[in-house]
There are 2 protein chains.
Amino acid sequence: MVTLSDVAKEANVSKMTVSRVINHPEQVTEELRGLVQQAMETLDYHPNSVAQALVNNRSNVVKFITLEDIDTTEPYYMNLLFGFAQGLTKKQYALQLVTDPKQIGQGRADGYLITGARNEDYEWFDKLKKPFVLFGENHRGYDFVDTDNQSGERIATEYALSRLYKRIIFVGIDVKEPFEYSREAGYINTLQKHQMIPQIYRVGNHSHEAQKLIKDNFKELKKDTCFICASDRIAVGVIRQLQKEGARIPDDFGVIGFDGVFLDQVSNPKLTTVKQSIFKMGDLLANMLLQKIAQSGSPQGEIMIEPTLVRRETTR
Amino acid sequence: MVTLSDVAKEANVSKMTVSRVINHPEQVTEELRGLVQQAMETLDYHPNSVAQALVNNRSNVVKFITLEDIDTTEPYYMNLLFGFAQGLTKKQYALQLVTDPKQIGQGRADGYLITGARNEDYEWFDKLKKPFVLFGENHRGYDFVDTDNQSGERIATEYALSRLYKRIIFVGIDVKEPFEYSREAGYINTLQKHQMIPQIYRVGNHSHEAQKLIKDNFKELKKDTCFICASDRIAVGVIRQLQKEGARIPDDFGVIGFDGVFLDQVSNPKLTTVKQSIFKMGDLLANMLLQKIAQSGSPQGEIMIEPTLVRRETTR
DNA sequence: TTGTAGGCGTTATCAA
DNA sequence: TTGATAACGCCTACAA
């Protein structure tokens, strides 16, 4: 294993000079800096992150905390996780996965990414002793990255209108969480802009609940209706029941989902959906968290990522 | 932060005695051991794994390597990953996620878990410089954990027969990999035991390919047939086309999947399937890998986990 | 059986 | 601007 000392010898300088070239290059004269960099290259030197961690009193580990049940959770988090992991690896960080909140304080970690937080969780956030960032919009001042939910449903609704569906119904998720409010707001604002009256249903985020909703209300539905759904799961349920009722998709009924992870591709017909850039958000979250750690916990703000509409077979 | 020294002072012994109580307790007299353990408790001491890693020339990090494309991959790996992570955390290990084989040698890691390996991958395994274990059966002597694929399809086939389906057709995955051979063998052996003639189709592991298969062959299908499918994806495709053809499930046609992750639950009707204990296998893989690391790479053998049949709505 | 000295690879501090 | 020294927390080797 090549160490600082090896590089120092090779370049005929002290270990400290090498260390400075790595951490504070501006403190070293250009000449020596060149020599050292040359030496690092020829020896193929890479700093030992464990030793760095020790002196800096770090662990080079962060925790990825999932407060939602992963069994019922979509492949969603898989993408987030891989994006997050990519962001961490750039900085030689590794991660631990946590599903049990009790485990958060155990072991060593420099910070946390918290996902799937609900209103009731926020209470204990302030007791956390390490920096953390959230995946999911909130309005309590915690740093976060999320999709621009409002914009996403605005785009979906505008698209439905542009395809000349006469009625636009929103099928939301039955939770009182910021992301849901934002999605509904995107829908409502767009309809109002077009002087139309919003019509909103809400169900639990399961395909069979959405399916039941359609079943119970199918008689009252008219042709030329498009359903804006707050998740692909819901959209899949809507589609399934529409098909059972013999309705024609996309000619008489349109369906637009939200998420664009996995489910949208296995559904049949393939789902038009608002696709979140989940992998990218994971990467951004890693950057945000590592930066926050480096800045000993200073606020990082909020990042909202624009989703994209993917047009497939459930809209005409 | 409580360190070895703090404990040593508290117990009125040297640091080394404390260290020994942790790593080689048998070398310490019972009396001192008691004192030290007492001191560790009252101070709530936990060894600093970073310092341990430094002296042992370890990183306390392992890599989770996914050779399959995660976009097309099922939630499958999510469960494996969480099980694996749980096993690691017990030993204060963290993980890095790797999808690009080129990244394997980069950075620091003590070992690898390799998943999704295909025949063509085995070439470069021997060049790996760190211990590794595989998820997925192989017959080249590499340590692995996997479901007992043969047993799984044996159970599925026996069950189909017990439900009095007269014809049992196997729809496999069109790859020449050990897991597929094992699944087919489970089916073939069971049929032969009952003096029946195997009938095997193979398609790519996508629902629409399975769907097409049924579409192309539906005319020749007779009632009282059960499909043993090598994956839930395939099963979902089979079901979809059977429904389109107006066939009655499960009365005239039975369908049994394989995997039992996510897809089986969102399908409609709910899928009878051979469920793998993926989370558990992840945990076992972590133990196996950490043990292998601790034993500087010595062979760990093979572990096959028995899957369980989950009876739901696609068999009568 | 227990303790002392030294070192793992890096960085902060202070002196030159 | 550069270098010597000590320290981070732990463990191996050796001595007592």
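So that the names make sense, note that chain A is the first sequence line, chain B the second, and so on, each numbered from 1.
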#### Entry: Residues A/Asp110, A/Tyr93; criterion side chain to side chain donor-acceptor pair (under 3.5 Å); working and verdict
CA-CA 10 Å; A/Asp110 300 337; A/Tyr93 259 74; 2.7 Å; yes
### Axis bend over the full length of the helix from C/dT1-D/dA16 to C/dA16-D/dT1, computed from five pairs that close each end, to 10 degrees
40°
### Task
Scan for ring-ring contact (aromatic ring centres under 6.0 Å, His included) pairs involving residues 41-64 of chain B, sequence neighbours excluded, and state none if there are none.
B/Phe64-B/Phe84
### Message
Quick check on C/dG3: is either OP1 or OP2 less than 4.0 Å from any side-chain nitrogen or oxygen of B/Thr17?
### Response
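The answer is yes; a side-chain N or O of B/Thr17 sits under 4.0 Å from OP1 or OP2.
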### Query
Between C/dT10 and A/Ser19, is there an OP1 or OP2 to side-chain N/O distance shorter than 4.0 Å?
no
For [X], enumerate each residue passing the side-chain contact (heavy atoms from CB on, under 4.5 Å) test, keeping only those at least two apart in sequence or located in another chain.
X	answer
B/Gln92	A/Gln96, B/Ser49
B/Gln86	B/Lys90, B/Phe279, B/Asp283
B/Lys9	none
B/Asn57	A/Met1

Please produce a list of atom pairs where a protein N or O lies less than 3.5 Å from an N or O of nucleotides 7-9 of chain C.
none

### Task
Drop me the distance from B/Leu97's CG to B/Leu81's CG, to the nearest 0.5 angstrom.
5.5 Å
If you look only at distance, which donor and acceptor atoms sit under 3.5 Å apart when one is on a side chain in residues 126-136 of chain B and the other is two or more places apart or in another chain?
residue, atom, partner, partner atom, Å
B/Asp126, OD1, B/Tyr142, OH, 2.9
B/Asp126, OD2, B/Tyr142, OH, 3.4

## Note on the structure
residues 27-42 of chain A vs side chain to side chain donor-acceptor pair (under 3.5 Å), sequence neighbours excluded, gives none
#### Entry: First and last nucleotide of DNA chain D, 5' to 3', lying under 4.0 Å from heavy atoms of chain B
D/dG9 to D/dT12
## Note on the structure
Applying ring-ring contact (aromatic ring centres under 6.0 Å, His included) to B/Phe179 and not counting sequence neighbours gives none
### Interatomic distance where CE belongs to B/Met16 and P belongs to C/dT1 [whole Å]
14 Å
#### Entry: Sorted by number, the residues of residues 23-37 of chain B with heavy-atom contact under 4.0 Å to DNA chain D
B/Asn23
### Task
Give a yes-or-no answer on whether the side chains of A/Ser182 and A/Glu137 include a donor-acceptor pair shorter than 3.5 Å.
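A/Ser182 vs A/Glu137: donor-acceptor pair found between side chains.
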### Query
Got a donor-acceptor contact below 3.5 angstrom from the A/Asp259 side chain to the A/Val261 backbone?
no
### Query
Would you say the side-chain atoms of A/Asp121 pair up with the backbone N or O of A/Arg118, donor to acceptor, closer than 3.5 Å?
yes
